[in-house]
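Here is the structure we will look at, set down as structure tokens.
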Amino acid sequence: MSHYSFDHVVNRKQTQSVKWDKTDTFFGSSDVLPLWVADMDFLAPPDVLNALQERVNHGVFGYSATSSETSSALTQWLQRKHQWSVNEDSIVYSPGIVFAISMAIQAFTKQGDHILIQSPVYTPFFEMVKLNDRQVVENPLHLKDDRYEIDFTDLEEKLANDIKLMILCSPHNPVGRVWTREELTKIAALCIKYNVLLLSDEIHSDLIYQSHKHIPISSLDDQIAKQTITCVAPSKTFNIPGLQASAIIIPNEQLREAYNKQQQKQGFFTLNTFGIIAIEAAYRKGDAWLNDLLLYLEENVKLVESFIQSKLPDLRVIKPEGTYLMWIDFRNLNMTDEQFNHLLLHKGKVAVEPGTKYGENGSGFVRLNIACPRSTLLEGLERIERALST
Ligand SMILES: Cc1ncc(COP(=O)(O)O)c(C=O)c1O
């Protein structure tokens, strides 16, 4: 029995929620069950809520600064959860990971430079490269026996050919892979061999299912740490992305200074008050809540698997090793992406993310967000069933 009420349904409508209040803008309909944007429909951990409430009660919201309290909360978390020793001096705070990706692109590459990403992958990886007038080079992942794998021959060919930056999604959104030590070691070796700077987006790294283990690529050895920028945040883990607080870990002093300067050039110097409070409370006191959350999410994964197996056997689930996102294969239905998404939206009245948002090789798939009370998830699955009924 969980101490926390993940079954409790919170009404998120009219709370400035992108997921619940903006389906009209993104899907052309406000009458849909939203299982799209990657945030959770759960309350944040009680210790985080209490800390924020205490701060609100104080009532003065002047300029705020992170301190050694903030950084030690993070470094101790990274040590405890991922056995990664990070020096507090290596941390640069950032309002968000997408912002940080754009800052790194601007700080370390030039217009026209080639940046490698592994599709299908989180849409802003493409967008930040293109908006900064750099060029996307894809190392497409391959689906083999219901699991995505890296094509290392293709990766080496591309890294050898003038790639300035590789953006790794670890764990991977949307395909749910938690990269193994062996895979990460190979990626690191190639980045070192071809002198490619690595940005490892580890925003999902605390959301790992049993029998898998997240390894921060920068923790492998000093050599790869020297050319890696790692992005972490309590935002996905504790459902506080609206507080906009992330941390960028850059052990190499020269790179860190260049990165920091890029952020400062945009006029960004410090996090907002609530972000700082939340980082400290979540990383110091969030362990038990996270353990229970993961058990709840794992049951949600099982619900989706059994529902699809028994009621929608033409769909296939790519079982996630981490993240609360499920990647679902509808290619057996012989429908186009437009047909499938139209049915889900207009007949089923359920909003999921079209796979094509994540690159051309996302065609034939959709991404389902399962971080909601089980009753909501079941309602979503029944809507998908209704959409596909004849
Ligand atoms: C891989 C990945 N990176 C970054 C983000 C967003 O990060 P932020 O809100 O800090 O910009 C997401 C959100 O879904 C994500 O999946």
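Everything quoted here is computed from the prediction, not taken from an experiment. Whatever order the structure lists ligands and atoms in, that order sets their numbers, starting from 1.
Sorted by first then second residue, the salt bridge (charged side-chain N to carboxylate O under 4.0 Å, His left out) pairs that include residues 312-325, not counting sequence neighbours, are Asp146-Arg316, Arg147-Glu321, Arg177-Glu321, Glu305-Lys319, Arg316-Asp329.
Here the protein heavy atom with the shortest distance to atom 6 (C) of ligand 1 is Tyr122 OH, 3.2 Å. Protein heavy atom closest to atom 10 (O) of ligand 1, with residue, atom name and distance, is Ile97 N, 2.7 Å.
The six-membered or imidazole ring of Tyr296 lies away from that of Tyr4, with a centre-to-centre distance of 6.0 Å or more.
In this structure, atom 8 (P) of ligand 1 has a protein heavy-atom contact shorter than 4.0 Å.
Residue Asp201 has at least one heavy-atom neighbour below 4.0 Å for each of these atoms of ligand 1: 1 (C), 2 (C), 3 (N), 4 (C). Applying the 4.0 Å criterion to heavy atoms of Ala38 picks out, from ligand 1, the atoms 14 (O). Which parts of ligand 1 touch Asn173 is read off a 4.0 Å heavy-atom cut-off, strictly below it: atoms 15 (C), 16 (O). Heavy-atom proximity to His204, at under 4.0 Å, picks out these atoms of ligand 1: 1 (C), 15 (C), 16 (O). Of all atoms in ligand 1, listed by their number and element, those nearer than 4.0 Å to a heavy atom of Gly96 are 10 (O), 11 (O). Within the listing of ligand 1, atoms 1 (C) sit less than 4.0 angstrom from a heavy atom of Cys169. When each atom of ligand 1 is checked for a heavy atom of Lys236 under 4.0 Å away, the hits are 12 (C), 13 (C), 14 (O).
Side-chain contact, Asp206 with His82: a donor N or O sits under 3.5 Å from an acceptor N or O. There is no side-chain donor-acceptor pair under 3.5 Å between Asn272 and Gln244. Between the side chains of Ser71 and Tyr93, at least one donor N or O sits under 3.5 Å from an acceptor N or O. Neither side chain, Thr180 nor Glu182, offers a donor N or O lying under 3.5 Å from an acceptor on the other. Trp327 and Tyr148 are linked by a side-chain donor-acceptor pair at a separation below 3.5 angstrom, with hydrogens and angles left out of the test. Residues His214 and Glu202 have side chains that bring a donor and an acceptor to within less than 3.5 angstrom of each other.
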Open item on the list: Pair Phe61, Phe274 - check ring-ring contact (aromatic ring centres under 6.0 Å, His included), show working.
Closed with: CA-CA 9 Å; Phe61 306 108; Phe274 296 112; 5.6 Å; yes
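Residue Val98 places at least one N or O, backbone or side chain, under 3.5 Å from an N or O of ligand 1. For ligand 1, none of its N or O atoms has an N or O atom of Phe125 under 3.5 Å away. Of the N or O atoms in Ser235, none lie within a sub-3.5 Å distance of an N or O in ligand 1.
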